[in-house]
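Basis for what follows: all heavy atoms, side chains included, without hydrogens, waters or symmetry-related copies. Just so it is clear: chains get the letters A, B, ... in the order the sequence lines come, proteins before strands, and each one is counted from 1.
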There are 2 protein chains.
Amino acid sequence: MARPKLQDVATRAGVSVTTVSRVLNNRGYLSDEVRARVNAAIAELGYRPDGIARSLIGRKSGLVGVIVPTVADPFFGELVAAIENALAERGYKVLLCDCQENPEREAEYLDLLQANRVDGVITSTHNREVRGYDAAELPLVAVDRRIGPRVPIVRGDNAAGGRLATEHLLARGARRPLLVTATDHPGNDRARAYRDVVAAHGIEPRVRAYGYSTPADERRALIETWLAETGADAVFATDDLTALMALEWAHKTGRRVPDDVRIVGYDGSAAVRLGMPGLTTVRQPIARLGARAAELIVDRIADPDAPPAAEPPLPVELRLGWTS
Amino acid sequence: MARPKLQDVATRAGVSVTTVSRVLNNRGYLSDEVRARVNAAIAELGYRPDGIARSLIGRKSGLVGVIVPTVADPFFGELVAAIENALAERGYKVLLCDCQENPEREAEYLDLLQANRVDGVITSTHNREVRGYDAAELPLVAVDRRIGPRVPIVRGDNAAGGRLATEHLLARGARRPLLVTATDHPGNDRARAYRDVVAAHGIEPRVRAYGYSTPADERRALIETWLAETGADAVFATDDLTALMALEWAHKTGRRVPDDVRIVGYDGSAAVRLGMPGLTTVRQPIARLGARAAELIVDRIADPDAPPAAEPPLPVELRLGWTS
DNA sequence: CTGAAAGCGCTTACAG
DNA sequence: CTGAAAGCGCTTACAG
């Protein structure tokens, strides 16, 4: 038989569709007898309410769009897992938008999400020129990204993380620490902290930025060039994969780690902690970031006009390995 | 103003809703003049059709459920990215179901997906006792997992992969190669290949299985125990994270790699290739697995009753690093 | 070439 | 305590 509908249940239970709907939604008064009969009919038919029809009526679809650069990156994979988990607990489903690191797709996705009436969007990409977020009259939450004045930002304490990493490298004897990061713009608090710390120690900053959309191979080549040309005796990479590239370079070129070159990464995703527990890294509270973003978007969906409170950055932690 | 609806566009263009719908769907005859007027109205109003309403009418929602153990694992993250990408090209959206490695959630998700009228489901978990897949009259595609006779399986060539890895270790001089895998059941072609190859060389098999749901820390402890107790001079791990745990153990215990112990992993996700290019591993064609799964589910949605053709396993490739 | 009307599967005032 | 009817925003035969 085709999927049973409300009417089928009603017929079988000998009541009206209204009554069935009431039982389903547990609203209004119902005699126990009717309730029991309806529930029996539901069970017998294996009836399941059609979420689509429900969405069409209520204002909400129960869907939250999650836009990420790509879940192939363990940091974002773990973040999305946490978001999905927290949203599922609250009855929301995740429509995944994986931009494949491509800024154009982000704008398309935003459109698509609105067409599909998502109740809200969590975005965590770093494209700086995506239009459409202002126009979108959607509840929005950003993860570690500035969208606009009305969009709350969930993030780790980047300033503290940058400081921890840099101070640690200096404490371990580094005198020529190199910062490798995605972009070196003013909003990059990890870079700023690095600069502040080295300046306080009278050390000249060495900063290299590869840009978000640099393909992995190119990035690796760049990093290897930089490591060689700067004569760095330490590397602070603002993500773990980059740190691991530096580690690999050291291995290939016969440098001893940490004696010749100390290495600190950033993020501390479960995958990296599992696979490379030896990597010293600044561990972000990824699960908490995801959970908090989920909470916030649910709040904003409930009350879209509430002025966004400033989110205190979540604490990060230096995790020591043998690479430093 | 509230989100404009079809009626608003019709009023503005001075036509009926039927006509607007025709323009939108490009069906039936339309004078160029009307078409232009309608398009202008759409643009002026910033109208976007409501996907929910469309879904309610057509039989399809344009949604595909993707069930994974967790996207926090780089292999599944990359797989999901590939699936999402391929589905997006075909006009489908992904409803992400991250089971957090928890079998119970899989059954709940299956329910939820049906309630939300997804057009099909791609599943890639390895829970063996999940009920509901038979009852679900949904188009279904499995990735590297046996669900039932009518469900096509997309997978890499596990037998070839197991053979490549094991033969390679023996060729490098291993005489006591240890296989570390999730479960050692008859359907595990990687394990079977390992056994066949060592048997052909007159070597006694050493196999250890940790079970899918073993938490990371426990898994690490197990692996370290096994490595020590078996006196292995080589490890074939059927996933890269496990291989990296072995590598870490070697580092901690002062073993030289590959001289004292050779290590080969499995999967070769981009994250691992990026972060640990030195790891010898069997590289799965993750992007192709995802793309193929997407193709298949779209086909099955179009023709749910077509008998599933046997999918030839996709080729894998041994990637040499310095760990072997 | 264009429109009025029915209907997708539900929920929700409004009656009774 | 229960039901008939309208309506969510679209599409699609069916007329004209």
Think A:Ser31 has a side-chain N or O under 4.0 angstrom from the OP1 or OP2 of D:dT2? yes
What is the distance, rounded to the nearest whole Å, between atom CG of B:Leu30 and atom P of D:dT12? 14 Å
Separation of C:dC10 atom P from A:Leu6 atom CG, nearest Å, is 5 Å
Write down the distance between CG (A:Asn116) and P (D:dC10), rounded to a whole number of angstrom. 12 Å
Is there a Watson-Crick or G-U wobble partner for C:dA4 with both distances under 3.5 Å, and which nucleotide is it? none
Nearest listed nucleotide, side chain of A:Asn25, among C:dC10, D:dT11, C:dT11: C:dT11
OP1, OP2 of C:dG3 versus side-chain N and O of B:Thr18: anything below 4.0 Å? no
Using only modelled atom types and a 3.5 angstrom limit, is any donor from either the side chain of A:Arg22 or the base of D:dG3 paired with an acceptor on the other? yes
Send over the distance from A:Arg27 CZ to D:dC1 C1', rounded to a whole Å. 15 Å
Does a side-chain N or O from B:Arg54 land closer than 4.0 Å to OP1 or OP2 of D:dT11, or not? yes
Salt-bridge criterion met for A:Glu44 and A:Arg12 (N-O under 4.0 Å): yes
Rounding to an integer number of Å, can you tell me how far A:Lys60 NZ sits from C:dC10 C1'? 16 Å
Base partner of D:dA13, which must satisfy Watson-Crick or wobble distances under 3.5 Å: none
Can you tell me the distance, in whole Å, between the CG atom of B:Asp8 and the P atom of D:dG9? 9 Å
Lys/Arg-Asp/Glu bridge criterion (N-O < 4.0 Å) met for A:Arg292, A:Glu311: yes
Please check the phosphate of D:dG3 (OP1 and OP2 only) for any side-chain N or O of A:Thr19 closer than 4.0 Å. yes
Measure the distance from CD1 on B:Ile52 to C1' on C:dC8 and round it to the nearest whole Å. 13 Å
Relative to the 5' end of DNA chain D, which residue comes earlier, A:Val34 or A:Val17, by the nucleotide with the nearest heavy atom? A:Val34
Would you mind checking if A:Glu106 and A:Arg145 are paired as a salt bridge, meaning a charged N to carboxylate O distance below 4.0 Å? yes
A:Lys5/A:Asp50 salt bridge by N-O under 4.0 Å criterion: no
Check whether any side-chain nitrogen or oxygen of A:Ser21 sits under 4.0 Å from OP1 or OP2 of C:dT11, and answer yes or no. yes
Using a distance-only test with no angle check, is there a side-chain donor-acceptor pair under 3.5 angstrom linking A:Thr19 and A:Ser16? yes
Distance check needed: D:dC8 P versus A:Leu56 CG, whole Å only. 9 Å
